[in-house]
Amino acid sequence: MDETTEPTTGYVQSLARGLLVIRAFNESHPQMSLSEVARATGLSRAAARRFLHTLVHLGYVWTDGRVFGLTPRVLELGFAYLSSVSLPEIAQPYLERLVAEVHESASVSVLDGTDIVYVARVPTSRIMTVSINIGTRFPAYATSMGRVMLAHLPEEELDAYFDQVQLEQLAPHTITTPAGLRRELERIRAQGWSLVDQELEAGLRSIAAPIRGRGDRVVAAINVSSHAARTSDTHARQVFLPPLLETAARIGADLRMAPSGASPLAR
């Protein structure tokens, strides 16, 4: 059997490994040697070399003969997705109005596996030690947007999530037990919004609401985030939550009115 394919599933191993090599490069490792790529991906040096040189040939990776790095062409992969969905375009003006009202950063994300992925954002100031941009990923369990989406998953999908995820202590207050997280998700589902206090990073407080598409299905989430030193839990609930819920409802209404073929998120 061809080692790169599995006929019973249609799974193409070589494609998966090529994407693994691309994803090995990140903010902490923008450039890597062949040995470092092999170590980061778990591939042999020979396999890593083949994938790297193929990506160089395709224009997604550059090399000076010693180290490798991604080229701007990899952005095409993300832009192809963003240009095919209506959510970021619909959400952006609403985010801008929300930020103008609450004077804090606001974002929209979708759930991808065990992570959230930012698809729209309007920042006011940098409140985390890492930059947040379109495409930034964070573990869903430690974020307000992630939790509000997890809370509305069908039971079988939520069970599958818990089978995959590893709950790590990311900050002093992070919930790290499945039982504790399930209790929190039940509370979020009942109240309709999520407040996370310094669980992703110390000093970060965030409140989120679900965005509902067709069939009342939760397809995304929107949040307002601020530094804990200037925003109390009470302030977040009293000042941020009402306009946040209103903004989520308006984005959802626009999504439901979008052409059915315009976006998988609008269905």
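Just the heavy atoms: all of them, side chains too, but no hydrogens, waters or symmetry mates, feed the values below. Keep in mind the model is a prediction, meaning the values are calculated, not measured.
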Q. Going through the distances and angles, do Val21 and Leu52 end up as a side chain to side chain contact (heavy atoms under 4.5 Å, CB included)?
A. CA-CA 7 Å; Val21 169; Leu52 283 167; 3.7 Å; yes

(Q) One pair to check against salt bridge (charged side-chain N to carboxylate O under 4.0 Å, His left out): Arg205 and Glu104. What are the steps and the verdict? (A) CA-CA 11 Å; Arg205 184 170 285 137; Glu104 296 289 357; over 6 Å; no

(Q) Test side chain to side chain contact (heavy atoms under 4.5 Å, CB included) on Val117 and Ser109; report intermediate values, then the result. (A) CA-CA 5 Å; Val117 181; Ser109 72; 5.8 Å; no

**Q.** Worked check of side chain to side chain contact (heavy atoms under 4.5 Å, CB included) between Val219 and Arg214
**A.** CA-CA 9 Å; Val219 296; Arg214 288 190 172 88; over 6 Å; no

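Screening Glu157, Arg189, Arg212, Arg217 against His152 for a side-chain hydrogen bond (donor to acceptor under 3.5 Å, both in side chains) leaves a single residue, Arg212. Residue Thr231 forms a side-chain hydrogen bond (donor to acceptor under 3.5 Å, both in side chains) with just one option from Ser225, Ser226, Ser206, and that option is Ser226.
Using a 4.5 Å heavy-atom threshold, the side chains of Phe68 and Leu55 count as separate. The side-chain heavy atoms of Trp193 and Arg237, taken from C-beta on, include a pair separated by under 4.5 Å. No side-chain heavy atom of Ile211 sits less than 4.5 Å from a side-chain heavy atom of Val218. Contact annotation: the side chain of Phe138 approaches that of Ile132 to within less than 4.5 Å [non-hydrogen atoms, C-beta and beyond]. Using a 4.5 Å heavy-atom cutoff, the side chains of Thr114 and Tyr161 are in contact. For the pair Glu36/Gln31, no side-chain contact is recorded, criterion being any heavy-atom separation below 4.5 Å from C-beta on. Side-chain contact between Ile222 and Ile251 is present, with at least one heavy-atom pair separated by less than 4.5 Å. You'll find the side chain of Thr41 stays beyond 4.5 Å of the side chain of Phe51, heavy atoms only.
No path of Ile, Leu, Val, Met, Phe, Trp and Tyr side chains, each step under 4.5 Å between heavy atoms, connects Leu20 with Val56, placing them in separate hydrophobic clusters. If you chain together hydrophobic residues whose side chains sit under 4.5 Å apart, Trp62 and Met32 never meet in one group. Placement of Val196 and Leu111 in two distinct hydrophobic clusters is found when ILVMFWY residues are connected by side-chain heavy-atom separations under 4.5 Å, directly or transitively. Residues Ile22 and Val67 do not share a hydrophobic cluster, defined by chaining ILVMFWY side chains whose heavy atoms lie under 4.5 Å apart.
Salt bridge present: Glu76 and Arg73 bring a charged side-chain N and a carboxylate O closer than 4.0 Å. Glu155 has a carboxylate O that lies under 4.0 Å from a charged side-chain N of Arg182, or vice versa, which qualifies the two as a salt bridge. The pair Glu184-Arg187 counts as a salt bridge, with a side-chain nitrogen and a carboxylate oxygen less than 4.0 angstrom apart.
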Run the side-chain donor-acceptor check on residues 163-173: report pairs under 3.5 Å with partners two or more places apart or on a different chain.
| residue | atom | partner | partner atom | Å |
| --- | --- | --- | --- | --- |
| Gln164 | NE2 | Ala160 | O | 3.4 |
| Gln169 | NE2 | Ala171 | O | 2.6 |
| Gln169 | NE2 | Pro172 | O | 3.2 |

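Thr247 and Arg97 are not linked by any side-chain donor-acceptor pair at a separation below 3.5 angstrom, with hydrogens and angles left out of the test.
In this structure a side-chain-to-backbone donor-acceptor pair under 3.5 Å is missing from Arg121 to Asn133. Remark: the backbone N or O of Thr124 is paired with a side-chain donor or acceptor of Ser105 at under 3.5 angstrom. For the pair Glu199 (side chain) and Ile175 (backbone), a donor-acceptor distance under 3.5 Å is present. For the pair Asp112 (side chain) and Asp115 (backbone), a donor-acceptor distance under 3.5 Å is absent. No donor-acceptor distance shorter than 3.5 angstrom exists from the side chain of Thr174 to the backbone of Thr176, with no hydrogens or angles considered.
The number of heavy atoms from other shown groups lying within 6.0 Å of NE2 (His235) is above 12.
From Arg256, atom CZ reaches atom CG of Asp254 across 9.0 Å, with rounding to the nearest 0.5 Å.
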